[in-house]
K.L.:
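Take this structure, written in structure tokens, and hold onto it; I'll ask about it next.
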Amino acid sequence: MLDIKRIRENPESFDAALKRRGMAPQSVVVLALDARHRGWVSALQRHQARRNEASKAIGAAKARGEDAGPLMNEVAALKDSIREAEEEGRALAKEIEDLLAGLPNAPAEDVPDGPDAAGNVELRRWGSPPALAFKPRQHFDLGEALGLMDFEIAAKLSGARFVVLKGALSRLERALAAFMLDLHTGTFGYTEVSPPYLVRSETAFGTGNLPKFAGDLFRTTDFFWLIPTAEMPLTNLVREQILDAAMLPLRFTAHTPCFRSEAGAAGKDTRGMIRQHQFTKVELVSVTTPETSDAELECMTGAAEEVLRRLGLPYRVVALCTGDMGFAARKTYDIEVWLPGQAAFREISSCSNCGDFQARRMAARYRDPASKAARFVHTLNGSGLAVGRTLIAVMENYQQADGSIVVPAALRPYLGGLEVIAAAR
RNA sequence: GGAGAGAUGGCCGAGUGGUCGAAGGCGGCGGUUUGCUAAACCGUUAGGCGGGGUAAACUCGCCUCGAGGGUUCGAAUCCCUCUCUCUCCGCCA
């Protein structure tokens, strides 16, 4: 949610930010509504001040046993004006709120401009694709050949975009998650959290998924939302609070299932595990002061990268351009892992600084020791990493000519020392 | 599923029609005392919106005691609806 005060003070930069997102200017509309709203509010306050004053006088007069009749009539007459100003003011406030709730965060200044993913800027690469003396296969071919990845039975159970893993692949998935959690909690100062997977609308609003992106989410019959990412519960851990500045930064990590309806992704990545209705992810969330959030984003991205380094998976880091960034983000780095089977880099993590955009929606603040004022915190989130996609990356990068998969050294302790995943017999 | 209780400031917790944005405590902040720390004592301390003022200090008005509506000249306090939380019983991983 953007700050109406800042829009009022600087409508040009508000419109400029929208333009960078490829959207039409809105300041004229917003400010017109705002002016009408403030007109009603000030009228309301005038009437209320008079009512309060007169009511006190009535109390005083009655206490002295005097006649308060004329004053009482005057206050009674004010009621209609008060009611009208309240109704008009509230209607306009809601209109403004609804409008602002649907507008995306303003991009940070150093975010490259661009219409879509083509405008993203590669920042760095790590590692090099494995030298394979054979034509690399895609993960679904490998998995099915191993007899450990079954899309057909998954379709019978649940339909398209689901998978059943078995045996060593299932264990590999669990190992990856445990490895990631251990790294983030042990090395990077994150606190492991086991959050709810069903949340209320207010929670989904807080992170910016509602009201605009309800179509991407699954919902239960009694109106819980299934989390599309642990960002949702983890970020909302600080909602409606005034935090002690000394507690910051707060760093949370969680391994959770994620549920996405992928409503707008018909026809994309229809084969395999790349795009599923359900997958698991180890999420990173930081809550910081405004002064430290930029540095925190670098730190968080570094933590996600470290997972890939330790697994020996080649990747690149990309700065998303204005046209490719998510709704709540002011700056985002995507980490893309190399998939030999596709001969392409594919997104495996997305790390974003949301500034105070989510904090405003959640009413999450901290007490600034210098000014003693309650200020909105900054929130960041990143995948550290998407477990399903990491599993794919391990399979494709560590595949051998016979279709078996070498287990990266870092994971072997989590797999009881297993070195190679071979066909189940 | 059945029965009951409750929602007040950063936290705990008083407050059943007027001077209550709200006692008291905790916590925080400032100070006194102290060789230092602790303790004690004194003072201070809600958020939001809008106006004045130099973006500061300061100051004025309005709103907010879960949300919405009602009664009343006047509501934290009375009435209605909703939401949420908790306790007990039942069932259950």
Side-chain angles (χ1 to χ4, degrees), chain A residues 1-10 13 30-98 100-101 194 196-206 210 220-225 233 236-248 250 257 287 289-290 356 359-377:
Chain A
M1 184 90 76
L2 298 167
D3 185 357
I4 184 76
K5 270 188 282 190
R6 275 188 235 162
I7 297 174
R8 214 180 273 148
E9 285 160 11
N10 199 340
S13 81
V30 172
L31 291 183
L33 285 170
D34 184 49
R36 285 171 60 202
H37 175 244
R38 293 168 78 184
W40 281 110
V41 166
S42 100
L44 173 65
Q45 292 191 358
R46 241 184 3 258
H47 296 139
Q48 284 170 327
R50 177 57 198 152
R51 181 199 61 195
N52 293 346
E53 189 184 30
S55 286
K56 273 188 186 174
I58 290 167
K62 286 196 162 180
R64 289 193 301 268
E66 296 168 8
D67 173 29
L71 277 171
M72 286 168 73
N73 289 338
E74 185 195 340
V75 175
L78 274 173
K79 278 186 138 180
D80 285 340
S81 336
I82 289 180
R83 187 191 307 268
E84 185 194 14
E86 268 176 354
E87 282 169 3
E88 296 286 340
R90 192 178 309 136
L92 284 161
K94 179 162 186 339
E95 210 173 321
I96 294 167
E97 160 102 12
D98 288 350
L100 292 183
S194 302
Y197 306 154
L198 298 174
V199 298
R200 293 200 183 117
S201 295
E202 291 83 348
T203 309
F205 178 87
L210 288 183
T220 69
T221 50
D222 37 10
F223 294 95
F224 285 110
W225 300 92
N236 277 275
L237 247 26
V238 296
R239 76 174 2 255
E240 292 162 50
Q241 289 175 67
I242 299 177
L243 303 164
D244 185 344
M247 293 165 64
L248 303 177
L250 288 169
V287 178
T289 64
D356 63 6
R360 205 177 292 285
R361 290 172 164 248
M362 298 188 297
R365 293 170 296 174
Y366 75 103
R367 183 75 60 186
D368 177 48
S371 64
K372 292 180 181 162
R375 302 167 69 197
F376 288 110
V377 297

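In what follows, chains carry the letters A, B, and so on, assigned in the order in which the sequence lines appear, proteins first and then strands, with residues in each chain numbered from 1.
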K.L.:
Reckon A/Asn52 has a side-chain N or O less than 4.0 Å from the OP1 or OP2 of B/rC62?
P.N.:
yes
K.L.:
OP1 or OP2 of B/rG70 sitting under 4.0 Å from any side-chain N/O of A/Arg83?
P.N.:
yes
K.L.:
With rounding to the closest Å, how many angstrom separate the P atoms on B/rU81 and B/rG74?
P.N.:
23 Å
K.L.:
Measure from the side-chain heavy atoms of A/Arg8 and tell me the nearest of B/rG50, B/rU85, B/rU72.
P.N.:
B/rG50
K.L.:
Whole Å only: how far is the CZ atom of A/Arg50 from the P atom of B/rG61?
P.N.:
14 Å
K.L.:
Checking base pairs now: Watson-Crick or wobble, both atom distances under 3.5 Å. What partners B/rA40?
P.N.:
B/rU32
K.L.:
Let's test this: given Watson-Crick or G-U wobble pairing with both distances under 3.5 Å, identify the partner of B/rG1.
P.N.:
B/rC89
K.L.:
With a 4.5 Å limit on heavy-atom distance, are the side chains of A/Pro257 and A/Tyr197 in contact?
P.N.:
yes
K.L.:
Before accepting this row, confirm whether a basic side-chain N of the pair A/Arg50/A/Glu53 lies closer than 4.0 Å to the acidic partner's carboxylate O.
P.N.:
yes
K.L.:
Using the C1' atom on both, measure B/rU33 against B/rA40 and round to a whole Å.
P.N.:
9 Å
K.L.:
Work out how far the C1' atom of B/rA7 is from that of B/rU64, and round it to whole angstrom.
P.N.:
15 Å
K.L.:
Given that both distances must come in under 3.5 Å, which nucleotide forms a Watson-Crick or G-U wobble pair with B/rU72?
P.N.:
none
K.L.:
Go through B/rG61, B/rG50, B/rG47 for me and flag the one nearest to the A/Ala49 side chain.
P.N.:
B/rG61
K.L.:
Between B/rC65 and B/rA14, how far apart are the two C1' atoms, rounded to whole Å?
P.N.:
12 Å
K.L.:
What is the distance, to the nearest angstrom, from the CD atom on A/Glu74 to the C1' atom on B/rC73?
P.N.:
10 Å
K.L.:
Could you check A/Leu100 against A/Ile7 for side chain to side chain contact (heavy atoms under 4.5 Å, CB included), going step by step and ending with a plain yes or no?
P.N.:
CA-CA 10 Å; A/Leu100 292 183; A/Ile7 297 174; 3.7 Å; yes
K.L.:
Choosing from B/rC73, B/rC62, B/rG70, which nucleotide comes nearest the side chain of A/Gln48?
P.N.:
B/rC62
K.L.:
Under 4.0 Å from OP1 or OP2 of B/rG48: is there any side-chain N or O of A/Arg375 that close?
P.N.:
no
K.L.:
I'd like to know if the side chain of A/Arg239 reaches the main chain of A/Met362, judged simply by a donor and an acceptor atom lying under 3.5 Å from each other, with no hydrogens or angles considered.
P.N.:
no
K.L.:
Using Watson-Crick or G-U wobble geometry with both distances below 3.5 Å, tell me the partner of B/rC62, or none.
P.N.:
B/rG48
K.L.:
Distance check needed: B/rG18 C1' versus A/Glu53 CD, whole Å only.
P.N.:
16 Å
K.L.:
From CG of A/Asp244 over to P of B/rG28, roughly how many Å is that when rounded to an integer?
P.N.:
10 Å
K.L.:
Below the 4.0 Å mark, does B/rC49 have OP1 or OP2 next to a side-chain nitrogen or oxygen of A/Lys5?
P.N.:
yes
K.L.:
Mind checking if A/Lys79 touches a base, just sugar-phosphate, or nothing, with heavy atoms under 4.0 Å?
P.N.:
base
K.L.:
Provide the Watson-Crick or G-U wobble partner of B/rU81, both distances under 3.5 Å; none if there is no partner.
P.N.:
B/rA67
K.L.:
Would you say A/His47 and A/Glu84 make side-chain contact, with heavy atoms under 4.5 Å?
P.N.:
no
K.L.:
If you find the nucleotide of RNA chain B closest to A/Arg46 and the one closest to A/Lys56, which residue's nucleotide is nearer the 5' end?
P.N.:
A/Lys56
K.L.:
Does the structure show a Watson-Crick or G-U wobble partner for B/rG21, both distances under 3.5 Å? Name it, or say none.
P.N.:
none
K.L.:
For the backbone of A/Phe376 and the side chain of A/Asp356, can you confirm whether one donor and one acceptor N or O come within less than 3.5 Å of each other?
P.N.:
no
K.L.:
Assuming nearest nucleotide by heavy-atom distance, tell me which of A/Arg51 and A/Ile242 is located more 5' along RNA chain B.
P.N.:
A/Ile242
K.L.:
If you measure from CD1 on A/Ile96 to CG on A/Leu31, what distance do you get to the nearest 0.5 Å?
P.N.:
9.5 Å
K.L.:
Taking CG from A/Leu92 and P from B/rG50, how many angstroms apart are they, rounded to a whole number?
P.N.:
15 Å
K.L.:
Please give the distance between the C1' atoms of B/rC73 and B/rG68 as a whole number of Å.
P.N.:
23 Å
K.L.:
With a 3.5 Å limit on both atom pairs, tell me what B/rG10 is paired to, counting Watson-Crick and G-U wobble, or say none.
P.N.:
B/rC26
K.L.:
A/Arg367 has a side chain; which of B/rG70, B/rA46, B/rC63 sits nearest to it?
P.N.:
B/rA46
K.L.:
Checking only heavy atoms, does the side chain of A/Gln45 share a donor-acceptor pair with the base of B/rG61 at less than 3.5 Å?
P.N.:
yes
K.L.:
Nearest to the side chain of A/Arg200 - B/rU85, B/rC63, B/rG50?
P.N.:
B/rU85
K.L.:
Could you tell me how far B/rG25 sits from B/rA46 if I compare only their P atoms? Round to whole Å.
P.N.:
16 Å
K.L.:
When rounded to the nearest Å, what value does the distance between C1' atoms of B/rU32 and B/rA67 take?
P.N.:
47 Å
K.L.:
To the side chain of A/Arg38, which of B/rC63, B/rG51, B/rG47 is closest?
P.N.:
B/rG51
K.L.:
B/rG21 and B/rU77: how far apart are their P atoms, nearest whole angstrom?
P.N.:
13 Å
K.L.:
Taking A/Arg51 for the side chain and A/Ile82 for the main chain, is one N or O donor matched with an acceptor at less than 3.5 Å?
P.N.:
no
K.L.:
In whole Å, I'd like the distance from the CD atom of A/Gln241 to the P atom of B/rG27.
P.N.:
20 Å
K.L.:
Could you state the atom-to-atom distance from CD1 of A/Ile4 to P of B/rG48 in whole Å?
P.N.:
17 Å
K.L.:
Measure from the side-chain heavy atoms of A/Arg90 and tell me the nearest of B/rU85, B/rG68, B/rG50.
P.N.:
B/rG68
K.L.:
For A/Glu9 and B/rA55, what is the distance between atoms CD and C1' respectively, to the nearest whole Å?
P.N.:
9 Å
